[in-house]
Each structure stands twice: as structure tokens, then as C-alpha cells.
Colleague: 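Okay, here's the structure, questions in a sec.
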Amino acid sequence: MSKVIAISNQKGGVGKTTTAINLSSGLAYMGKKVLLVDLDAQGNATQGLAALSHRGQLSIHNALLEKEPIEHVIVHKQEPPIDIVPANIMLAGADLELDKIGNGKEQVLKQTLAPVCDQYDYIIIDCPPSLGILNTNALTAADSVLIPVQCEYYALEGVTQLLLTIRLVQQLYNPDLRIEGILMTMFDIRTKLSVEVSQDVRQNFGKQVYQTSIPRNIKLSEAPSRGMSIFEYDVSSSGAKAYGDLTKELIKRNERG
């Protein structure tokens, strides 16, 4: 069975999609079989890997709400060598559509992914920047949650709110859900703010925080516009080194655990 990791934080702009793309790619380049699930109506992970090739292409919306087999939706990429379930703007109304289902609405994503779970080492879910039903579906389907935290003021407030949601999901739908790790993003060692926020988060969450931090790096911002992960776009960049280190750290934690 695969390890299912939801990358979640209800705050936007903290590096969720960048992490989803580059962690998935890093795992694949280290020999792991990876499925990336784009669960955000903005479809940034899909666009960032050029996974939508034509209008009318099947997406996660078709699988979740029209019972299209997930195997028909998966896009197979060569570079990076991952599979991806794409998303598009059709997903924008999914919270309302799922709400109409009533009982079991939180389990839809888990049931949708079930037929392919044994085909992958890791399934990475790029969550929407909200705490709605789609996000609850991701947390219900996941084994663990990776939380990106931007090095800025109020960073801890966003984490605290998400942790409350995680506890609620544990109580109601997924008692085995755990924290995979907390990842400091957009870290700039030259600024006092970045250093202080990083220290504060590490003081509060200890070993749950990855040793690896993701730096501010223009190459990480440029890569999605070329439909590439950082490893194809500029493997020598500081962003590629950081995501390579994160990948190794995550694998080591899982093999140890």
C-alpha cells in the first residue's frame, strides 16, 4: 500500500503547490512510484507540470463527482517521471456538490483513490487553500499531513488553525492521521524575520519540523511557467538542492518509522 501525504495549509502562498510538485518529482527521481493528486480548483500543480493537454480532458472532478474511474483520469509524465491526477476550474463548486451527498461525503476521495493505492509508493495530495469539504476529504484519505509554513509573521496562527482541523478529522473520520512534518518555506537566512520565525516554529513543534528549509529562489518561481519541476529546470539551483534534501529527509523518516 502507498503512503498518502496531504500537503495542507489553509493560508495561500505558503508553497503548497511548489512543494507538491518538487517533492513528488524528487521522490520519483529517487526511484519511488509517485501519484500527485491536484485537489485545488486553481489547478496550479496541473499547470506547473503541463498535465492538461486538451480541452475537455478528464480531471479529478470527473472522478470525484461523476464516478469516472481514477485510472481514466491519471496522466503519465516522463519528466518528471510521475503520474498526476489533474484539476481544473470545474472543481470550484465541488464543496457544494459534495455537501449534497450527505453521509459519507468526507470519504469520497479515499474511495476514489482506493483502486490505485497499491500501485504507488507515495500519493501526494495538493490541497486547496481552505478548510472546506475538499480539504476534509484529503485529510480523511491521507496517512499524514505535511504542513508548509512561510517564514512570515502570523505563521503560527495558520498552523494552529490547521492543527485544530486535523484533530477534528482524527476524532470523526481518520483516527490514524498524523503530522508528517512541518516545512519552513521562503526562508531567507539574511533576514532577521526569517530566522526568528523559523526559531519560533522549531521551538513550538520540535522534531516535527524538517531540518531542511526551502529558500526564496527565483528558479522555483520560474519552473512552473515552463511546465517543469525544479529538477528539470535548474538542478544546480539552491531550490533543487533544498527539495532534494527534503526528499531524502522524508524517505529517511519513513524508513526509520
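Numbering starts at 1 and runs along the sequence shown. The figures here come from the full heavy-atom set of this structure, side chains too, leaving out hydrogens, waters and symmetry mates.
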Colleague: Is there a path from Leu49 to Leu23 through hydrophobic residues (I, L, V, M, F, W, Y) whose side chains come within less than 4.5 Å of each other?
Modeller: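 Linked, Leu49 and Leu23 end up in one cluster.
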Colleague: Looking at Thr185, is its backbone amide N or carbonyl O close enough to the side chain of Arg216 to form a donor-acceptor pair, meaning the two atoms are under 3.5 Å apart?
Modeller: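 Judged by distance alone, no pair lies under 3.5 Å.
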Colleague: Can you check whether Asp234's main-chain N or O pairs, donor with acceptor, with Ser237's side chain at less than 3.5 Å?
Modeller: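 Answer holds: yes.
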Colleague: Are Val145 and Glu180 side-chain neighbours, meaning at least one heavy-atom pair lies under 4.5 Å?
Modeller: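 No. Closest side-chain heavy atoms not under 4.5 Å.
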Colleague: Within a 6.0 Å radius of atom CD on Gln119, are there more than 12 heavy atoms belonging to other residues, nucleotides or ligands?
Modeller: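 Check passes, neighbour count above 12.
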Colleague: Establish whether Phe187 and Leu246 are linked, either directly or via other cluster members, by ILVMFWY side-chain heavy-atom contacts under 4.5 Å.
Modeller: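 Unlinked, Phe187 and Leu246 end up in two clusters.
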Colleague: Between CD of Glu222 and CG of Asn217, what distance do you get to the nearest 0.5 Å?
Modeller: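 If we round to the nearest 0.5 Å, Glu222:CD and Asn217:CG are 8.5 Å apart.
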Colleague: Report, as yes or no, whether the 6.0 Å neighbourhood of atom NZ on Lys105 holds more than 12 heavy atoms from other residues, nucleotides or ligands.
Modeller: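 More than 12 within 6.0 Å, yes.
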Colleague: For Asn254 and Tyr122, work out which heavy atoms get closest and say how close.
Modeller: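 Shortest heavy-atom separation between Asn254 and Tyr122 comes out as CB-OH, 3.8 Å.
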Colleague: Does a sphere of radius 6.0 Å around CD in Glu66 hold more than 12 heavy atoms from other residues, nucleotides or ligands, not counting ones at 6.0 Å or beyond?
Modeller: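 Yes, enclosed.
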Colleague: So Arg178 and Ser144, do their side chains get closer than 4.5 Å, heavy atoms only?
Modeller: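 Counting from C-beta outward, Ser144 and Arg178 do come under 4.5 Å.
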Colleague: Looking only at heavy atoms, what is the nearest atom pair of Ser8 and Cys127, with distance?
Modeller: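 Reported closest heavy-atom pair: CB-SG, 3.9 Å.
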Colleague: When Leu35 is tested against each of Val85, Ile124, Asp121, Val4 for side chain to side chain contact (heavy atoms under 4.5 Å, CB included), which residue passes?
Modeller: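 Checked Val85, Ile124, Asp121, Val4 against Leu35; only one passes side chain to side chain contact (heavy atoms under 4.5 Å, CB included): Val85.
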Colleague: Within this structure, what is the CD-CG distance for the pair Gln199 and Asn204, rounded to the nearest 0.5 Å?
Modeller: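 Those atoms lie 12.0 Å apart.
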Colleague: So does Leu58 get a backbone contact from the side chain of Asn62, meaning a donor-acceptor N/O pair under 3.5 Å?
Modeller: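 It does not hold such a pair.
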Colleague: In terms of hydrophobic clustering (I, L, V, M, F, W, Y; side-chain heavy atoms under 4.5 Å; direct or indirect links), are Leu91 and Ile7 co-clustered?
Modeller: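 Looking at the clustering, Ile7 is in a separate group from Leu91.
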Colleague: Hey, is the main chain of Thr18 close enough, under 3.5 Å, to the side chain of Asn22 for a donor-acceptor pair?
Modeller: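 Indeed, once roles are kept as given, a pair shorter than 3.5 Å links the two residues.
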Colleague: Do Leu98 and Val108 come close enough that some side-chain heavy atom pair is under 4.5 Å?
Modeller: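 Yes, side chains in contact.
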Colleague: Go through the steps to decide whether Asp40 and Lys16 satisfy the test salt bridge (Lys or Arg N to Asp or Glu O under 4.0 Å), and finish with yes or no.
Modeller: CA-CA 10 Å; Asp40 187 350; Lys16 283 192 303 294; over 6 Å; no
Colleague: With sequence neighbours excluded, what pairs up with Glu249 under the salt bridge (charged side-chain N to carboxylate O under 4.0 Å, His left out) test?
Modeller: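 Testing Glu249 for salt bridge (charged side-chain N to carboxylate O under 4.0 Å, His left out), a comparison that skips the adjacent residues, returns Arg253.
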Colleague: Which pair of non-hydrogen atoms, one from Ser2 and one from Ile123, has the smallest distance, and what is that distance?
Modeller: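 Closest pair (atom of Ser2, atom of Ile123, distance): OG-CD1, 3.4 Å.
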Colleague: Before you tell me yes or no, could you show the steps for Leu139 and Glu106 under side-chain contact (heavy atoms from CB on, under 4.5 Å), namely the whole-Å CA-CA distance, both residues' side-chain angles and the distance that decides it to 0.1 Å?
Modeller: CA-CA 9 Å; Leu139 298 182; Glu106 299 85 6; over 6 Å; no
Colleague: Picking from Asp38, Asp126, Thr46, what satisfies side chain to side chain donor-acceptor pair (under 3.5 Å) with Thr17?
Modeller: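 The side chain to side chain donor-acceptor pair (under 3.5 Å) with Thr17 is passed solely by Asp126 among Asp38, Asp126, Thr46.
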Colleague: Can you name the nearest heavy-atom pair linking Ala242 to Ser213, along with the distance?
Modeller: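 So the minimum-distance heavy-atom pair works out to CB-O, 3.7 Å.
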Colleague: Do Met90 and Ile60 come close enough that some side-chain heavy atom pair is under 4.5 Å?
Modeller: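 Heavy-atom side-chain distance check fails, nothing below 4.5 Å.
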Colleague: Answer with yes or no whether the hydrophobic clustering places Val75 together with Ile21; edges join I, L, V, M, F, W, Y residues whose side-chain heavy atoms lie under 4.5 Å apart.
Modeller: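 Val75 and Ile21: one cluster.
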Colleague: Verify, without hydrogens or angle tests, whether Asp95 (side chain) and Leu134 (backbone) share a donor-acceptor contact under 3.5 angstrom.
Modeller: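 A pair under 3.5 Å: yes.
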Colleague: Shortest non-hydrogen contact from Ile179 to Ile182?
Modeller: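 Of all heavy-atom pairs spanning Ile179 and Ile182, the closest is CG2-CG1, 4.4 Å.
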Colleague: May I have the step-by-step check of side-chain contact (heavy atoms from CB on, under 4.5 Å) for Lys219 and Tyr233, ending in yes or no?
Modeller: CA-CA 8 Å; Lys219 299 296 184 181; Tyr233 185 65; 3.8 Å; yes
Colleague: Treat each ILVMFWY residue as a node, draw an edge where side-chain heavy atoms are under 4.5 Å apart, and state whether Ile82 and Ile5 are in one component.
Modeller: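 Yes; Ile5 is reachable from Ile82 via cluster members.
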Colleague: Return yes if a side-chain donor-acceptor contact under 3.5 Å exists between Tyr173 and Gln107, otherwise no.
Modeller: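 No donor-acceptor contact under 3.5 Å links the two side chains.
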